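Worksheet: the structure to be examined is printed underneath.
These numbers come from a predicted model, not from an experiment. Order of listing sets the numbers, starting from 1, for every ligand and every atom in it.
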Amino acid sequence: MCGIVAYLGKKAAQPILTEGLKRLEYRGYDSAGVALLDGGALQIKKTSGRISGLEEILENPSYTQTLGIGHTRWATHGKPTTINAHPQTDFSGKIAVVHNGIIENYGTLKTWLKSEGVEFVSETDTEVVANLIGYFYNQYKEKDQCDKENGQCRFERAVQRSLREVHGTYGLAILCSDYPDMIIGAKKGSPLILGVGNDEYILASDASAIVEHTTRAIYLNDNEMIVVEPGGFRTLTSNNVPVTKSLKDIEFSLEQIELDGFAHHMLKEIFEQPKSLETCMGGRLDVQDSRIVLGGIAGKLRDLTRTKRLILTACGTAFHAGLVGEFLFEHLARIPTETEYASEFRYRNPIIEDGTVVAAISQSGETADTLAAVEQAKERGATVIGLVNVVGSTIARTTDSGIYLHVGPEVGVASTKAFTAQVTVLQMLAIELGRRKHLSSYEAAKLIEQLAAIPEKIKTILEQSEHIKQIAAENIHHNNWLFLGRGFNYPVALEGALKLKEISYIHAEGLPAAEMKHGPIALIADGMPAVFIAPKGPQYDKIIGNIEEVRARGGRTIVVATDTDTEIEQYADHLITVPDVPEMFQPILTVVPLQLLAYHAAVLKGRDVDKPRNLAKSVTVE
Ligand code: G6P
């Protein structure tokens, strides 16, 4: 993981780097650092912990250099100490590197460099890259005078040569103190974007660190390098083939990623859902003409309609959205569907036959396992589509076609508005495929109308936020919770449990309610909270039975039920209500109170809601 940012321009680089790092902090926050370059001297400042700690070190004196690189770390190789923080430098102290990714052959390279007399100070794989560049830089010493002849300087050649030795993934930004007007970037498997402003350039892991300065950017592809100098930039492959890139518009604004009066990004994103789902459906769901227009997959609709088997693959919250999709495609489009963890799919020997479609679901579009699953599926000849939020992300570019979520940036590490949008996109796709196969026009029209009405219905759930906070307050002293649901609401139970554990650190387990009797029921005692997702639907009576089983054993029930249900109160120690909608649309509504429950529990427990320990928003390592 990790976030990288680099600046070259006319302004002081330091505040631009630290602001950029704060926007990238969702990618990891174990340590932070910057390297600034002025007139041949590298200034490196770094610390374990957050960007705020780095700012304290940088406060006095303030630095005026106009070129620099910065990093926020999610530790992989080596503990989150200051020594292991980036930038990492080479043995000569001339080369400084920030890195996002994993160098898989770092052990071999380190052993070899050590045998050449190079000493290491950190435990990181990144220091190997710095030393490798330093090593080749020294090798090219004698050619220094003539190396501009082939359009490349010694620094660039050393980077290029080093990249040929490196296996693994990287987004890199590199400085060399002998070249005080140059930043070199390189990408393989980790994202890297160059924002192009007026006389200034910002190289970063994603657009959130760039939009404050410019909305024009180029997106690097794997195995590409970029050399940025005051007059412009050049892109080339690591094999030295020049590449022409075109400028693209970054599609989200700074306002979208700021807090807007909310205490946390997560809360803002939960409350944004009525709006974000409207945006997600906007221009796609045509209630008047009873049509669904999914432009991004228009060219693939024939293939998709003939799908014989659909595999949904994803990680984390997106995986739970996929599980809802499984029910949807079977129910509405009669397509055999299975949902696979991307991390498992990629290492299996999947059977991809004619008519197999793989749909990758990812908020960030950068999750390493999901990307690898996409590559595996493509290699085996599947039609691969992406359901992705971040426009221009790697998965979006790697899939054959796709549907963007269009909910704007999601900053809180715990995914909320992306989940409801993922489910919405799956619903639109399932209805459209169903319509092309066997649903009558009347049925399709009805479904389109019902789906279009969902965003407005979320508002009545958000109004219960204070009530849900009270429920959280009365139960957070319990260290173990169960989340139980059936059918379409079984994935919601998994998601509710994930939300609670990831941000409040309370242990929670999500289950299909009927499975409780096969083991987990043994846990129920002494007021243990059991959250039931029990809206009116085909399995309502069954879940009431499960609620009774928990109450009979001393469990405490928190029940999410339909607002018109007059019976339910007698079964609930705590009741939260959602509007009445058909079962297939329920997950979008029933997940919202669980997001709020987890949020309030975490705040009441004094947790860092937007940056929970050990996690990162975008997991670009295996
Ligand atoms: C991380 C995040 C989760 C997210 C998962 C998949 O674990 O903390 O919130 O669901 O990655 O991310 P993606 O960007 O692929 O949806």
Side-chain angles (χ1 to χ4, degrees), residues 1-3 24-29 74 76 100 189-191 205-206 208 264-266 269-270 312-325 339-346 358-375 385-399 402-426 491-492 494-505 510 591 594-595 598-599 602 607-622:
M1 234 102 51
C2 310
L24 295 172
E25 216 174 3
Y26 72 85
R27 302 178 66 85
Y29 30 82
W74 188 75
T76 57
N100 163 213
S190 301
S205 297
D206 81 31
S208 63
H264 297 97
H265 284 287
M266 181 181 177
E269 286 156 9
I270 293 172
L312 301 168
T313 189
C315 301
T317 288
F319 173 79
H320 297 153
L323 288 176
V324 178
T339 308
E340 276 258 25
Y341 281 117
S343 54
E344 290 295 318
F345 178 84
R346 63 180 294 195
V358 174
I361 311 169
S362 174
Q363 189 286 129
S364 62
E366 301 294 345
T367 301
D369 285 322
T370 312
L371 178 59
V374 164
E375 280 160 357
I385 63 167
L387 311 185
V388 171
N389 190 34
V390 178
V391 177
S393 56
T394 313
I395 295 174
R397 285 179 291 130
T398 310
T399 41
I403 309 169
Y404 279 120
L405 307 183
H406 282 324
V407 293
E410 188 181 66
V411 179
V413 165
S415 186
T416 52
K417 65 174 178 175
F419 175 82
T420 45
Q422 284 156 352
V423 173
T424 301
V425 164
L426 290 163
V492 176
L494 298 183
E495 177 59 9
L498 176 64
K499 286 283 92 76
L500 187 69
K501 63 189 148 194
E502 69 181 332
I503 56 168
S504 75
Y505 318 149
V591 78
L594 308 190
Q595 296 169 344
Y599 171 78
R607 309 300 191 213
D608 192 345
V609 173
D610 283 334
K611 299 187 189 76
R613 71 180 177 210
N614 304 338
L615 295 180
K617 179 131 194 85
S618 174
V619 183
T620 54
V621 297
E622 278 186 44

[atom] - nearest protein heavy atom and its distance:
atom                    : result
atom 7 (O) of ligand 1  : Val619 CG2, 3.8 Å
atom 8 (O) of ligand 1  : Ala616 O, 3.2 Å
atom 12 (O) of ligand 1 : Thr367 OG1, 3.3 Å
atom 5 (C) of ligand 1  : Cys315 O, 3.9 Å
atom 2 (C) of ligand 1  : Lys617 O, 3.4 Å

Under 4.0 Å to a heavy atom of [X] - the qualifying atoms of ligand 1, by number:
X      : answer
Gln363 : 13 (P), 14 (O), 15 (O), 16 (O)
Ala318 : 10 (O), 16 (O)
Thr317 : 10 (O)
Ser364 : 13 (P), 14 (O), 15 (O)
Ser415 : 9 (O)

Does the [X] side chain pair with the main chain of [Y], one donor and one acceptor, at a distance under 3.5 Å?
X      : Y      : answer
Glu410 : Ala418 : yes
Thr399 : Ala396 : yes
Trp74  : Glu25  : no

If you measure every N/O of Gln422 against every N/O of ligand 1, is any gap under 3.5 Å?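 Not met; the criterion fails.
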
Walk me through it: do His320 and Lys499 pass the test side chain to side chain contact (heavy atoms under 4.5 Å, CB included)? CA-CA 11 Å; His320 297 153; Lys499 286 283 92 76; over 6 Å; no

Does Arg607 qualify as a cation-pi partner of Tyr505, given the criterion of NZ or CZ under 6.0 Å from the six-membered ring centre and within 45 degrees of its axis?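 No, cation not above the ring by the 6.0 Å, 45° rule.
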
Whether Tyr341 and Phe319 hold their rings parallel, tilted or perpendicular, with breakpoints at 30° and 60°: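 Judged by the thresholds at 30° and 60°, the geometry between Tyr341 and Phe319 is parallel.
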
From the candidates Asp369, Leu387, Val413, Asn389, the one that places a heavy atom nearest atom 9 (O) of ligand 1: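 Of the listed residues, Val413 has the closest heavy atom.
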
Among Val591, Thr339, Val324, Val423, side chain to side chain contact (heavy atoms under 4.5 Å, CB included) partner for Pro491: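 When side chain to side chain contact (heavy atoms under 4.5 Å, CB included) is applied between Pro491 and each of Val591, Thr339, Val324, Val423, only Val324 qualifies.
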
Worked check of side chain to side chain contact (heavy atoms under 4.5 Å, CB included) between Ile395 and Leu371: CA-CA 6 Å; Ile395 295 174; Leu371 178 59; 4.0 Å; yes

